[in-house]
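A short worksheet on the structure shown next.
Order of listing sets the numbers, starting from 1, for every ligand and every atom in it. Quick caveat, the model's predicted, so the values are computed rather than measured. Starting from 1, each residue takes its place in the sequence as its number.
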Amino acid sequence: MLLTGKQLAEIKITALPRIGEKRARLFHKIGIFNLFDLLYYLPKRYEDRRVRGTLDDVESGDVVTVQGRIENIEEIKPRRNLTLLRVSVCGNFGSCTALWFNQPFMKRSLRKGLPITVTGKVERNLYGYEVSVIDYAVGNFKNPVHVGCIAPIYGTTENLSQRSLRRIMYRCISSYANRVKDLLPPELRSELRLIPLSQALKQIHFPVDFDSLKLARDRLVFEELFLFETGLSNIQQHIRKDGVVRLPKSSLPEDFVASLPYTLTRAQQQAVTEIKRDLSSARRMYRLLQGDVGCGKTVVALYALLYAVAAGYQGVLMAPTEVLAEQHFLGINRLVAQLGVRVDFLTGSLGKKEREQCLEYLQKGTTDIIIGTHALLEEEVAFANLGLVVIDEQHRFGVQQRHLLLSKATSPDVLIMTATPIPRSLTLTVYGDLDLSVIDELPPGRKRVKTYFMPSSKKNRVYRFVKKELEAGRQAYVICPLIDESDHLDVEAAAMRYKELSQEFSDFNVSLIHGRLKLDEKERVMNAFRKGIIDLLVATSVIEVGIDVPNASIIIIEGAERFGLAQQHQLRGRVGRGNQESYCVLIGNPKTEEARERIKILIQNHDGFQVAEKDLALRGPGKMLGTKQHGYSDFRVVDVFRDASQFLKIKNIVKKTQPLQNDNELWEEIYFRFPSLSYGLKI
Ligand code: ADP
Ligand code: MG
């Protein structure tokens, strides 16, 4: 029986031979949970390790692959810490000496007379050709996977070697590539001369030559974009039509704007206009409100909520953490208290009585606006007349959760707020079918966060400065370096740094926060920081996005070169929220030109979008958003930069090839592959 991607995703990788729970965990680290993940885990690059007939034309330093028989094996110890295995290999190409350094166990797999293929860096010297082995295979193979072929190079993780990943991949491809169901319409396949899916999957992992590789990639890119564009056009044509016209019956929204102590920026005004138009039209609003930290998204979202309230509906604002929800609640209540709008608050930590009261008000329609966390998703939570859903920092919520919230209303309008700076040209590919409002300016009078770099060796100077700020009554964040993307080690390092700083700053209140703390513990620390009880907060990179503590005037990012630029920019946004001068100091030891360049970008640019664009230019396409691994995009094959030209082409093909509405398997596959396409819409 043939399996769709969705069905393959139901088979866990432990179903493959020789993958137990322990090994499975390594796969989970690289985002592979099931057979669909594995089949579509594409090589990062390929190395041409096809066998050479001769060494005559090679130069020292070239990487070559030769095939022959083992003539002689010799183990020597030129120095105390060095074991050298010298293996002479003879074949049609001539002869060479293959070298293994410090791998004495290799001896066990080698025997005189055995056929061998080695890939390595060649050096021509007195002894003839010496090859420092990179990879090898002993024996004769009809289908070589490591050497003697174009070898795939995958992204791996500690304790999962390139060779074992490759072997497992090969086994998976051999057993399953033929069993994957091709969902492309057959007419299209033949018209565009696309190779069969099974062949494409085999060739993308283990290509026989570079032409086949290209055909395979083209085929998979086509398939992925075809499914994506088909889903997108379906949403645009059908689902968005079920909107409700919401017209305000009072001047509440305008009264709100008039009551603000400031005027809206041009960009905020523009976003408000777009939202107003959506809400009062019969098309379902499905809008992304995107803007740098501190640009004032909350007021715009609040305007939308009040617009819905004035039209006779309830609104909900969901935030990813309790601290953020509470912050929104306090801030929003302050702004609308005089306008006679009832705002309530629901989180998991409400007492039983408060909670029941809250649920009752919601259901009766007493509540106009409810603000809360995941607790809003529970089944008991019911609305009298929910019209608008606002989700803050949506990337923290799973698709399932968004579905749950939206299912509490009929045809709710949806507004999603995010500070993730994604270049405009890419939002569609990342967010699917969302209309876009961008707030691209900060309120006037904001002071720039002064950003500096300091090498680790001069750390002390930085901390002397921190002390001065604390003495002046300010607060500070210290962000500890990321260590090899291991949460566990990060926490350890932060705990150590916390100890040191507690001693160094014994006159002050120093505290620690990291991802492994329990939620209520985290909230407790953040609250104490907000109230000014804690002066210096040592944190791993988990400190909450969106935390607003205006009195914090300085943030130190240690090991800065280990963070992504976007992440550093987000962290920097934690300060500069009050009237005082604020500082961000990057501490580190950038070793490469690129690392130094990245630090320069942050020092010179203060706008998240500019930082993102420069980052993109520096790192090149694909690395930032292109892949599933980064969590921004659902694409596994398509690189949104490299394949940009394909989008439009395939959109046009899709227009002509309307798939059947009742092809359930196809639709299921589309929404399985592109969860972000449907965000919260009920499909
Ligand atoms: P974010 O986009 O990060 O959510 P907020 O909505 O939290 O930003 O706004 C940051 C701060 O800027 C808030 O204290 C808010 O009161 C203030 N603010 C918002 N809009 C304006 C404006 N047009 N003029 C002046 N201050 C503003
Ligand atoms: Mg915010």
Side-chain angles (χ1 to χ4, degrees), residues 253-275 287-306 315 317-321 323-339 343 369 371 373 390-397 415-422 436-449 475 477 526 530 543-553 555 566-580 582 584 606-612:
E254 305 318 319
D255 294 348
F256 162 66
V257 174
S259 77
L260 287 172
Y262 45 77
T263 48
L264 296 183
T265 61
R266 176 201 51 78
Q268 282 172 318
Q269 189 59 56
Q270 172 69 24
V272 159
T273 307
E274 287 161 354
I275 289 168
R287 186 168 284 283
L288 182 69
L289 181 61
Q290 191 183 38
D292 209 355
V293 277
C295 71
K297 293 183 289 292
T298 316
V299 223
V300 174
L302 184 52
Y303 178 92
L305 287 163
L306 294 173
L317 169 60
M318 182 163 76
T321 67
V323 177
L324 272 177
E326 192 187 63
Q327 198 169 279
H328 275 311
F329 174 68
L330 295 174
I332 286 177
N333 230 349
R334 215 168 34 232
L335 288 171
V336 302
Q338 291 95 316
L339 300 169
V343 185
I369 296 173
I371 296 172
T373 57
V390 179
I391 301 179
D392 191 9
E393 304 290 358
Q394 48 70 34
H395 59 276
R396 300 266 192 108
F397 293 105
L415 183 68
I416 291 168
M417 297 196 265
T418 179
T420 309
I422 290 170
L436 184 61
S437 293
V438 180
I439 304 185
D440 54 5
E441 63 182 328
L442 291 180
R446 270 300 156 73
K447 281 196 178 146
R448 280 194 169 170
V449 177
Q475 289 162 277
Y477 299 95
M526 277 321 303
R530 221 165 9 159
I543 66 159
E544 303 300 333
V545 185
I547 276 298
D548 196 9
V549 181
N551 190 49
S553 65
I555 185 164
Q567 199 177 5
Q568 290 183 63
H569 178 72
Q570 284 278 350
L571 288 168
R572 172 167 65 179
R574 298 309 105 215
V575 298
R577 297 176 159 254
N579 303 322
Q580 73 279 8
S582 299
C584 171
H606 293 262
D607 172 298
F609 290 79
Q610 272 167 22
V611 171

Next item on the list: Using a strict 4.0 Å cut-off to heavy atoms of Val299, name the atoms of ligand 1 that fall inside it.
Entry: 19 (C), 20 (N)

Note to self: Could you tell me, atom by atom, which parts of ligand 1 come under 4.0 Å of a heavy atom of Thr265?
What the structure shows: 23 (N)

Next item on the list: With sequence neighbours left out, write down each residue that passes side chain to side chain contact (heavy atoms under 4.5 Å, CB included) with Leu260, or none if nothing qualifies.
Entry: Phe256, Tyr262, Leu264, Val299, Leu335

Checklist line | Spacing of Asp392 atom CG and Met318 atom CE [to the nearest 0.5 Å] | finding: 10.0 Å

Next item on the list: Compute the minimum heavy-atom distance from Gly291 to ligand 1 and say whether it is under 4.0 Å.
Entry: no

Checklist line | From OG1 (Thr373) to CG (Leu317), nearest 0.5 Å | finding: 11.0 Å

Notebook entry, point to check: Which ligand 1 atoms does Gly296 reach within 4.0 Å, using its non-hydrogen atoms?
Noted result: 1 (P), 2 (O), 5 (P), 6 (O), 8 (O), 9 (O), 19 (C)

Notebook entry, point to check: For Thr263, is the nearest heavy atom under 4.0 Å from an atom of ligand 1?
Noted result: yes

Check: With backbone taken as N, CA, C and O and side chain as the heavy atoms from C-beta onward, which portion of Met417 lies under 4.0 Å from ligand 1: side chain, backbone, both, or neither?
Finding: neither

Margin query: I'd like to know if Arg266 and Asp440 make a salt bridge, using a cut-off of under 4.0 Å between side-chain N and carboxylate O.
Written below: yes

Margin query: Quick check for you: to the nearest 0.5 Å, what is the distance between Thr298 atom OG1 and Met417 atom CE?
Written below: 5.0 Å

